[in-house]
Amino acid sequence: MAERKARADALRNREAVLTAADELFARSASPRSVSMDDIAAAAGVGKGTLFRRFGDRTGLIREVFEARIEPLRHAVEEGPAPLGPSAAPRDRVPALLDALLRFKLDHRHLSLALEEAGSGSPYGGASYAWWHNVLRETLQRLPHPPEGAEGMEGAKAAEGAENAGRAGADEADVESGSAEKHADGCTSPAPRAGATDRAGATDRSEGLDRAADCDFTAHALLAATRADLVEYLADQEGMMPHRIRAQLATYVSRVLSEDQAT
């Protein structure tokens, strides 16, 4: 019974600390002004309790942030469209970024405190890595952009020249019985030596380029939701949240449209 009561007290203290820290960050003029002493006093616990439970200020900020963003992460991992994994990628990308922006608008000082904690860069944090991974994988599911008109014509011309050069040799192969018999009954010439290797190498190269493009694009899109930018636009520029969201939606749409056109 005593052990159960101790666990219950620990859970209550934890929630009291998380709530107090969240409210202090929300009301503060700057997240840097919120100290461990402030949080302990607001939560009604000793300062030593904070350090034993969370390690340091960065650990506390990280746990508050994770507790608050967990419902959104659950919706992204297991929820329905447009946030969940079943959504069409063209719909999911803007939905993910809008949801993340809304969270940072609602918790901008907490988010800023997390981004400034530790090294002072958000890119090494686990939360950033998680969002970048989700966004990159979603971008990779987008259809490959169509080739431009010149690229198509050039490819057709090259293909025509290659086919013409092979025609005589293919006929000779068929007549000499070197053609392969496929399971569906259709007969076609055996592929030239090295052709499959060249095609495979091209596919791998294009795949690597595609992955690199998606990796960079994910970073670039997430940069538009950085907490320092959100805090500056909302608190310094006085931009209304609905306008920030509209500007982000326009930007994301333009990026995706240009990606599909190139």
Student: Under the ring pair (Phe, Tyr, Trp, His ring centres under 6.0 Å) rule, what pairs show up with a residue in residues 61-87, not counting sequence neighbours?
Tutor: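 Applying ring pair (Phe, Tyr, Trp, His ring centres under 6.0 Å) to every pair that reaches into residues 61-87, excluding sequence neighbours, yields F65-F103.
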
Student: Please identify each residue that fulfils salt bridge (charged side-chain N to carboxylate O under 4.0 Å, His left out) with R108, with sequence neighbours left out.
Tutor: D235

Student: R52: which residues meet the side chain to side chain donor-acceptor pair (under 3.5 Å) condition with it, sequence neighbours left out?
Tutor: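 Side chain to side chain donor-acceptor pair (under 3.5 Å) list for R52, sorted by chain: T49.
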
Student: Could I get the full list of side chain to side chain donor-acceptor pair (under 3.5 Å) partners for E66, not counting sequence neighbours?
Tutor: R73

Student: Run the side-chain contact (heavy atoms from CB on, under 4.5 Å) test against P89 and tell me which residues pass, sequence neighbours left out.
Tutor: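 Testing P89 for side-chain contact (heavy atoms from CB on, under 4.5 Å), a comparison that skips the adjacent residues, returns T138, R141, L142.
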
Student: Return the set of residues passing side-chain contact (heavy atoms from CB on, under 4.5 Å) with A223 (not counting sequence neighbours), or none when no residue passes.
Tutor: none

Student: Taking only residues at least two apart or on different chains, which pairs with a member in residues 239-251 satisfy side chain to side chain donor-acceptor pair (under 3.5 Å)?
Tutor: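 Sorted result for residues 239-251: D98-R245.
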
Student: Kindly write out the residues that satisfy salt bridge (charged side-chain N to carboxylate O under 4.0 Å, His left out) with E15, not counting sequence neighbours, or none if the list is empty.
Tutor: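 With sequence neighbours excluded, E15 shows a salt bridge (charged side-chain N to carboxylate O under 4.0 Å, His left out) to R68, given in chain and number order.
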
Student: Mind checking the CG-NZ spacing from D228 to K104? Nearest 0.5 Å is all I need.
Tutor: 8.5 Å

Student: Just grab all the salt bridge (charged side-chain N to carboxylate O under 4.0 Å, His left out) pairs involving residues 28-50, residues at least two apart or on different chains.
Tutor: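 Found R32-E116, D37-K47.
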
Student: Any non-hydrogen side-chain atom of L24 less than 4.5 Å from a side-chain atom of S33?
Tutor: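 No, their side chains stay 4.5 Å or more apart.
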
Student: Going from CG on L100 to CD1 on I69, what distance comes out if it is rounded to the nearest 0.5 angstrom?
Tutor: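 Going from CG on L100 over to CD1 on I69, the span is 6.0 Å.
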
Student: Give me the atom names and distance for the closest heavy-atom approach of V230 to T225.
Tutor: CG2-O, 3.9 Å

Student: Side-chain contact test, heavy atoms from C-beta onward, threshold under 4.5 Å: evaluate it for I61 versus T58 and give yes or no.
Tutor: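 No. Closest side-chain heavy atoms not under 4.5 Å.
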
Student: Just to verify, what does Y232 make a ring pair (Phe, Tyr, Trp, His ring centres under 6.0 Å) with, not counting sequence neighbours?
Tutor: none

Student: Set out, in order, the CA-CA distance, both residues' side-chain angles and the distance that settles side chain to side chain contact (heavy atoms under 4.5 Å, CB included) for L139 and D215, then state yes or no.
Tutor: CA-CA 9 Å; L139 288 167; D215 186 83; over 6 Å; no

Student: Only pairs under 3.5 Å count here: list side-chain donor-acceptor contacts from residues 78-87, not counting sequence neighbours, and write none if there are none.
Tutor:
none

Student: Is the closest side-chain heavy-atom distance between L222 and H219 below 4.5 Å?
Tutor: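 L222 vs H219: side chains apart.
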
Student: Would you compute the distance between atom OH of Y123 and atom NE2 of H132 and round it to the nearest 0.5 angstrom?
Tutor: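 Y123 OH to H132 NE2: 10.5 Å, rounded to 0.5 Å.
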
Student: Please enumerate all residues that pass salt bridge (charged side-chain N to carboxylate O under 4.0 Å, His left out) together with E231, with sequence neighbours excluded.
Tutor: none

